[in-house]
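These notes are about the structure you will find just below.
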Amino acid sequence: MARTRRVAVAIVAALAAGIAPAALGGAAAVAATPSPTAGETTETGTVVQEGGPLVVPSGEEVVTTRVTVTLPEGASGPVEARLLLPITWDFVNGDTYPLSWDITPSCSVDGGPFRPCPLEDPAGGLNRGPHVATMPVTEAAPTITYDIRIEAGRDARRWKDVTGTLDVGAGGAPDLASGPVGFRFAHNTPAPGLRTTVLARDRAGVLWQYEGTGLPDKPLKARERIGGGWNAYTSITPLGNRTASGEGDLVARDKAGVLWFYQGSGNPDAPFKPRVRVGGGWNTYTAIGNLGSRLIARDKAGVLWDYSQKRLGPPAPFEERQRIGGGWNVYNAIVGQGYRYSAVARDMSGVLWSYVPAWQNYPDFAPRTRVGGGWNAYDRIVYADNLAGSRVGDFLGRDKNGDLWLYEGIRRGGNDVPPPSRRQIGHGWGIYDTIL
């Protein structure tokens, strides 16, 4: 103890006299400190996101945020940065979805090339911690810049504001620097290929198109004219998902029972190519609907049949029909649900029932589940895919006054079903005799 006090007094005296402590011999061994390496320093650097939280427009847009990291003085050796983001978002019906479903990050260090840095779950899908995007390893330097590029899909908007943490150190440990990195997912209008459309035929036979906006406050744009002569058909059915970029097909049955195929053109101003004849005999069916790219048709005996499109060859021709089952005459409306191969059906008392595929016994459905009553208030029920920015499909109902109501879809048992709540998004829709 006495020797320690003598050394300390000697150092203080030497400093006061302007003498370097190294000249004191043994005291120099006590004062010398090696340069810190990653994982050893007790100092903390800084993490600064330029411009604050990155605004990420939803819908096929790519944006980049820059994060500047200042390491503690003397830090050396290889370092790695890891971006930790929340794991899930709670949906209204209790389901959860990982953020990695909706965004695709790539990363660059100090202006180097961008490389994929996908969000991964260290717990192996057990959702026991945040998802992690790992940046490329680099050598420690006083300042390191990380550019994080985010490609966001249509559904990213549901996340709103997300704050993660960027940890920098040996193996991504937060021993050199750690700080917040934020993302603000905007409710902008998605790209046309991510927006659905609603079609409606007026009583003069003119077909009109309403583009979906993907925005909750105003889900439909003003209508645009496709063309006349559509009153030649007794049934018009979409195939696949229609988009504002002119994608999506139709089939239409004329009064002689001939089915015609309209392939999507990819041109939103003229969304269909010239029609192609599929074949006759379709007047045997009392209802025609779709399950994504498949047709379903109910005959006069109440048997439901499945027509799958051929994967090879010219568009439109279908494989030989397959029987789904009988008893479908109890329903006065059958509505298919896009690519999910599911359907809802309304019985004569106004109760809506949900059907999901029985994958082990294709093309049959699993036993139905009850959605709810009161659906006889509508003379048209339409599956509208995504109008208002919900991840799952929306439904439309037109009442007998011509008012249009939106049900933002929820998931139940692997199926999109309309919830009890609704809101009015239009009026005057009584001018149309078909909505799809």
Side-chain angles (χ1 to χ4, degrees), residues 91-97 101 154-155 196 235 237-243 247-251 259 261 278 282 285-299 301-312 315-347 351-372 375 381-387 390-397 407-419 436:
F91 198 45
V92 291
N93 64 339
D95 286 345
T96 57
Y97 301 103
W101 284 10
R154 171 182 61 188
D155 300 324
T196 191
S235 175
T237 306
L239 278 176
N241 294 319
R242 287 210 43 73
T243 71
E247 299 170 329
D249 308 326
L250 288 179
V251 291
L259 195 69
F261 174 76
V278 175
W282 287 77
Y285 297 118
T286 60
I288 302 174
N290 79 309
L291 300 177
S293 60
R294 296 158 48 195
L295 279 182
I296 52 174
R298 180 186 63 191
D299 65 23
V303 176
L304 196 65
W305 299 89
D306 175 271
Y307 287 85
S308 295
Q309 276 188 282
K310 291 182 178 178
R311 295 188 178 182
L312 299 176
F318 298 96
E319 304 284 356
E320 184 176 349
R321 71 178 186 176
Q322 297 186 59
R323 190 180 191 273
I324 294 176
W328 287 78
N329 274 341
V330 299
Y331 300 118
N332 57 21
I334 303 171
V335 181
Q337 297 177 206
Y339 63 91
R340 300 191 191 281
Y341 304 126
S342 305
V344 293
R346 180 184 62 192
D347 65 24
V351 175
L352 199 65
W353 299 88
S354 172
Y355 285 88
V356 298
W359 296 112
Q360 72 282 5
N361 194 23
Y362 173 89
D364 292 349
F365 289 110
R368 68 181 187 176
T369 57
R370 189 180 193 272
V371 176
W375 285 81
I381 302 171
V382 179
Y383 180 74
D385 191 27
N386 190 312
L387 290 180
S390 172
R391 177 177 176 83
V392 295
D394 298 335
F395 286 81
L396 296 175
Y407 291 81
E408 291 192 59
I410 63 172
R411 181 71 61 80
R412 182 186 301 168
N415 192 17
D416 295 347
V417 296
L436 58 143

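Keep in mind it's a predicted model, so treat the numbers as computed, not measured.
- Going from atom CG of D364 over to atom OH of Y355 covers 11.5 Å, rounded to the nearest 0.5 Å.
- Under the rule for a side chain to side chain donor-acceptor pair (under 3.5 Å), R323 has no partner lying at least two apart in sequence or in another chain.
- Summarising the geometry of S235 relative to I288, their closest heavy-atom pair is OG-CB, 4.0 Å, with the distance given to 0.1 Å.
- For the side-chain contact (heavy atoms from CB on, under 4.5 Å) with T196, the lone residue among N241, D394, T243, D385 that qualifies is D385.
- Annotation: side chain of S342 is in contact with side chain of P357 (closest heavy-atom distance under 4.5 Å).
- Atom CD1 of I381 sits about 10.5 Å away from atom CG of L396, to the nearest 0.5 Å.
- A distance of 7.5 Å separates CG of D347 from CG of N332, quoted to the nearest 0.5 Å.
- Residues that satisfy the side chain to side chain donor-acceptor pair (under 3.5 Å) test with N329, not counting sequence neighbours, are absent from this structure.
- How far CG of L387 is from CD of E408: 9.0 Å, rounded to the nearest 0.5 Å.
- The shortest non-hydrogen separation linking R346 to W375 is NH1-O, 2.9 Å.
- Rounded to the nearest 0.5 Å, atoms CD1 (I296) and CZ (R321) are 14.0 Å apart.
- In plain terms, the two heavy atoms of E247 and R242 that are nearest each other are O-NH1, 3.1 Å.
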Practice item. List the steps and the verdict of ring-ring contact (aromatic ring centres under 6.0 Å, His included) for W353 and F365. Key: CA-CA 12 Å; W353 299 88; F365 289 110; over 10 Å; no
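- Distance check: N290 CG to L436 CG gives 9.5 Å after rounding to the nearest 0.5 Å.
- The side chain to side chain contact (heavy atoms under 4.5 Å, CB included) test applied to V330 returns no partner, not counting sequence neighbours.
- Contact detail for S293 and Q309: the closest heavy-atom pair is O-OE1, 3.1 Å.
- Scanning for side chain to side chain donor-acceptor pair (under 3.5 Å) contacts around S308 gives D306, Y362, with sequence neighbours left out.
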Check your understanding: Are F318 and W305 close enough, and set up right, to give a ring-ring contact (aromatic ring centres under 6.0 Å, His included), and what steps lead you there?
Key -> CA-CA 12 Å; F318 298 96; W305 299 89; over 10 Å; no
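- Scored by the side chain to side chain donor-acceptor pair (under 3.5 Å) test, Y307 finds Y285 as partners (sequence neighbours excluded).
- At a threshold of 4.5 Å between non-hydrogen side-chain atoms, the residues V344 and F395 count as touching.
- With sequence neighbours left out, R298 forms a salt bridge (Lys or Arg N to Asp or Glu O under 4.0 Å) with no residue at all.
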